[in-house]
**Student:** 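My questions will all concern the structure given below.
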Amino acid sequence: MRKYSVFAVAREAMRAHKGWEAQWVSPEPRASYDAIIIGGGGHGLGAAYYLAKEHGITNVAVLEKGWLGGGNTGRNTTIIRSNYLYDESMDIYEHSLKLWENLSQDLNYNVMYSPRGVMMLSHGIHDQQVFKRHIHANRLYGIDNEWLSPEQAKEFCPPLDISASARFPINGAALQRRGGTARHDAVAWGYARAASDRGVHIIQNCEVTGIRRGPDGVVTGVDTNRGFIGAKRIGVSASGHNSVIMAMAGVRVPLHSVPLQALVSEPLKPIFPCVVMSNTVHAYISQSDKGELVIGAGTDQYNSYSQTGGLQIITHTLDAICELFPIFRRVKMMRQWGGITDNTPDRSAIQGVTPVPNLYVNCGWGTGGFKATPGSAHLFAHLIAKGEPHRLAAGLTLDRFRSGRLIDEAAAAAVAH
Amino acid sequence: MLLIHCPYCEEERSELEFRAAGDAHIARPENIAAISDEDFEAYFFLRDNPKGLIFERWRHVAGCGRFFNAARDTVSDRFLKTYKAGEPKPQLPIAAMTDETVVETYEATEGRAE
């Protein structure tokens with residue numbers, strides 16, 4: 001792999017950019033691998049990268065039924081933050097945030113991580129109490145989070161309407177300054193390039209249709225549309241399709257898949273300096289480096305794999321955006337799309353062993369998986385390599401729904417999906 | 001937005017009037033305090049989350065207020081049948097699932113990555 005640098009850009013500028021090589025190779029699959037990861041999104045590609053980099057396991061394949069990052073990795077609103085309430089959540093999201101901070105250097109790929117601040121609006125005394133509880137919990141845990149007055153919030157985000165006559169009056173905000181955004185495509189591509197460089201096989205257009213197990217129950221490989229591929233260990237990280245994949249191994253998981261929508265506006269000049277979220281009226285918004293306002297809508301209420309969603313979900317969010325930021329009322333929306341999120345009953349992810357030996361699962365990231373990408377991938381690689389969870393992911397087990405040790409971020413969510 | 005036929009009102013109404021209420025035909029164990037943790041997990045948390053035919057509950061909250069059941073395809077979101085609570089799962093011909101309408105999944109519209 002040739003290193004990307006300012007010198008590489010200068011060199012290629014001198015020769016009409018004819019020297020760039022493919023970012024990753026797409027080899028024919030081998031007959032078998034030490035580990036197979038199902039799902040070529042950020043989590044899966046990242047896990048393959050960390051398997052190779054930190055655990056020396058390079059005989060690894062990532063199987064992706066479509067194209068890299070074509071699922072939720074390329075469909076989210078790219079928000080990064082770690083101001084969750086419970087220890088288990090703070091552990092993994094803060095681990096992730098720390099990896100985000102150095103990810104571009106680590107991968108030699110500009111993922112455009114931008115710690116521009118994530119500000120959560122408080123619209124009443126209840127919001128204020130909940131957010132202050134989060135702030136205190138975060139700060140006790142060593143995570144930055146602070147309370148802003150409405151005036152400070154307006155100063156941090158000038159388009160915000162804080163007038164007393166606003167439809168949704170604001171009595172303060174919680175701000176995590178280290179939160180921000182990153183470029184989602186670059187995350188998938190950067191991990192793919194770095195993993196491929198270490199010998200990982202990245203196999204697109206390869207849909208898993210079955211998981212085979214030996215007489216002792218241990219996984220032996222996967223059936224795909226490109227034939228059988230053997231595997232000593234399998235990691236499942238298939239986002240909205242995790243239930244479908246796990247059913248192939250006879251494992252039922254506590255997930256339901258629902259569409260989550262997002263949309264972008266026409267490009268504008270830089271006007272929106274941060275990320276703003278509002279739990280109460282359900283809106284979140286930031287501005288991409290291309291200039292589009294990136295707006296996240298809500299989930300549909302029913303199970304679906306359709307990658308679409310109801311228009312009323314979008315209009316509900318846009319109603320709120322127009323009230324919070326009247327300046328955007330005449331902005332045209334350009335594109336809208338949906339992704340299928342896999343949600344757990346407690347809205348916390350599952351990462352751990354399964355009842356099937358050597359089958360590991362990374363699922364249930366629901367509506368907030370992008371921010372977790374590096375941390376989740378890093379800890380998932382540890383799980384696959386060692387056969388047991390990393391300390392920071394020890395609470396995210398699949399069997400917590402049997403033991404009752406839930407991590408109830410559902411009640412503590414920043415946005416009420 | 002979905003159009004949903006309420007089997008009680010016998011009318012097709014907008015999704016705005018309805019609330020989805022999870023999987024149908026899940027019987028609460030009568031001896032719930034006595035069942036094992038595994039059985040409780042299976043009853044309370046584990047779901048098939050099918051890609052394809054699902055049986056689910058809906059409630060016509062802004063109409064008659066009653067719960068009813070539906071059979072729906074989770075890929076096309078098309079309702080195959082709605083029926084009153086307490087009625088058994090309908091037998092649906094397989095053909096009902098083969099969907100002639102084009103759905104904008106990325107598999108359907110984008111096909112294979114080049």
Side-chain angles (χ1 to χ4, degrees), chain A residues 26 40 64-71 74-75 204-207 225 240-247 251-259 300-316 337-340 342-346 355 363 398-404 406, chain B residues 1-4 14-24 26 35-59 61 69-79 82 97 99 101-114:
Chain A
S26 298
E64 165 57 45
K65 74 171 178 178
W67 65 88
L68 296 190
R75 291 166 184 266
Q204 300 178 78
N205 298 317
C206 185
E207 182 171 2
N225 57 354
H241 281 71
N242 278 317
S243 293
V244 177
I245 301 288
M246 293 302 287
V251 179
R252 293 177 89 204
V253 281
L255 297 174
H256 68 280
S257 294
V258 294
D300 282 285
Q301 55 174 334
Y302 47 84
N303 284 25
S304 176
Y305 287 82
S306 66
Q307 289 190 318
T308 58
L311 185 63
Q312 81 278 15
I313 306 287
I314 289 175
T315 54
H316 176 75
W337 62 92
I340 302 303
D342 55 332
N343 297 270
T344 58
D346 63 2
C363 67
L398 178 58
D399 68 5
R400 71 176 184 266
F401 298 95
R402 186 170 302 171
S403 68
L406 304 184
Chain B
M1 192 187 302
L2 306 179
L3 284 174
I4 304 173
S14 118
E15 184 195 335
L16 296 176
E17 295 186 9
F18 297 85
R19 198 71 81 238
D23 287 27
I26 293 174
I35 63 173
S36 67
D37 288 349
E38 287 77 9
D39 289 343
F40 184 80
E41 179 194 27
Y43 154 68
F44 201 71
F45 289 122
L46 300 184
R47 296 292 180 264
D48 290 333
N49 194 20
K51 185 176 184 179
L53 178 62
I54 191 171
F55 294 93
E56 59 189 6
R57 301 194 310 160
W58 286 82
R59 189 180 179 206
V61 284
N69 293 336
R72 188 173 56 85
D73 179 358
T74 60
V75 178
S76 66
D77 289 339
R78 191 156 63 102
F79 281 88
T82 57
M97 287 291 300
D99 189 19
T101 57
V102 176
V103 183
E104 286 185 50
T105 63
Y106 69 78
E107 295 100 313
T109 56
E110 308 284 351
R112 303 162 70 85
E114 294 300 326

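Chain letters run A, B, ... following the sequence lines, proteins first, then strands; residues in each count from 1.
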**Student:** Using modelled atom types only, decide if a donor and an acceptor are shared between the side chain of B:R57 and the backbone of B:A21 within a distance under 3.5 Å.
**Tutor:**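 Between the backbone of B:A21 and the side chain of B:R57 there is a qualifying donor-acceptor contact (under 3.5 Å).
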**Student:** Using non-hydrogen atoms and a 4.5 Å limit, figure out which bit of A:L398 sits close to chain B: side chain, backbone, both or neither.
**Tutor:**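 Only the backbone of A:L398 comes within 4.5 Å of chain B.
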**Student:** Select, from A:V253, A:V244, A:I313, the one with the greatest count of heavy-atom pairs under 4.5 Å involving chain B.
**Tutor:**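 Maximum pair count with chain B is reached by A:V253.
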**Student:** Check the orientation of B:W58 and A:Y302. Use parallel for under 30°, tilted for 30 to 60°, and perpendicular for over 60°.
**Tutor:**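 Geometry flag for A:Y302 against B:W58: tilted rings.
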**Student:** Give a yes or no on this: more than 12 heavy atoms of other residues, nucleotides or ligands lie within 6.0 Å of atom CZ of B:F45.
**Tutor:**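 Yes.
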**Student:** Select one option (side chain, backbone, both, neither) describing which atoms of A:L255 are under 4.5 Å from chain B's heavy atoms.
**Tutor:**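 Both backbone and side chain of A:L255 come within 4.5 Å of chain B.
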**Student:** Among B:D23, B:L46, B:D37, B:I54, which residue forms the greatest number of heavy-atom pairs with chain A at distances under 4.5 Å?
**Tutor:**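 Looking at each of B:D23, B:L46, B:D37, B:I54 in turn, B:L46 comes out on top.
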**Student:** Side chains of A:P355 and A:V251: does their closest heavy-atom pair fall under 4.5 Å?
**Tutor:**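 With C-beta onward as the side chain, the pair touches.
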**Student:** Can you tell me which portion of B:F40 sits under 4.5 Å from chain A's heavy atoms? Options are side chain, backbone, both or neither.
**Tutor:**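 No part of it gets close to chain A.
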**Student:** Is a side-chain donor or acceptor of A:Q301 paired with a backbone partner of B:A20 at a separation under 3.5 angstrom?
**Tutor:**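 Yes; judged by distance alone, with no hydrogens or angles, the pair exists.
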**Student:** If you tally heavy-atom pairs under 4.5 Å against chain B, which of A:S243, A:S304, A:G310, A:S403 wins?
**Tutor:**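 When all of A:S243, A:S304, A:G310, A:S403 are compared, A:S304 has the most.
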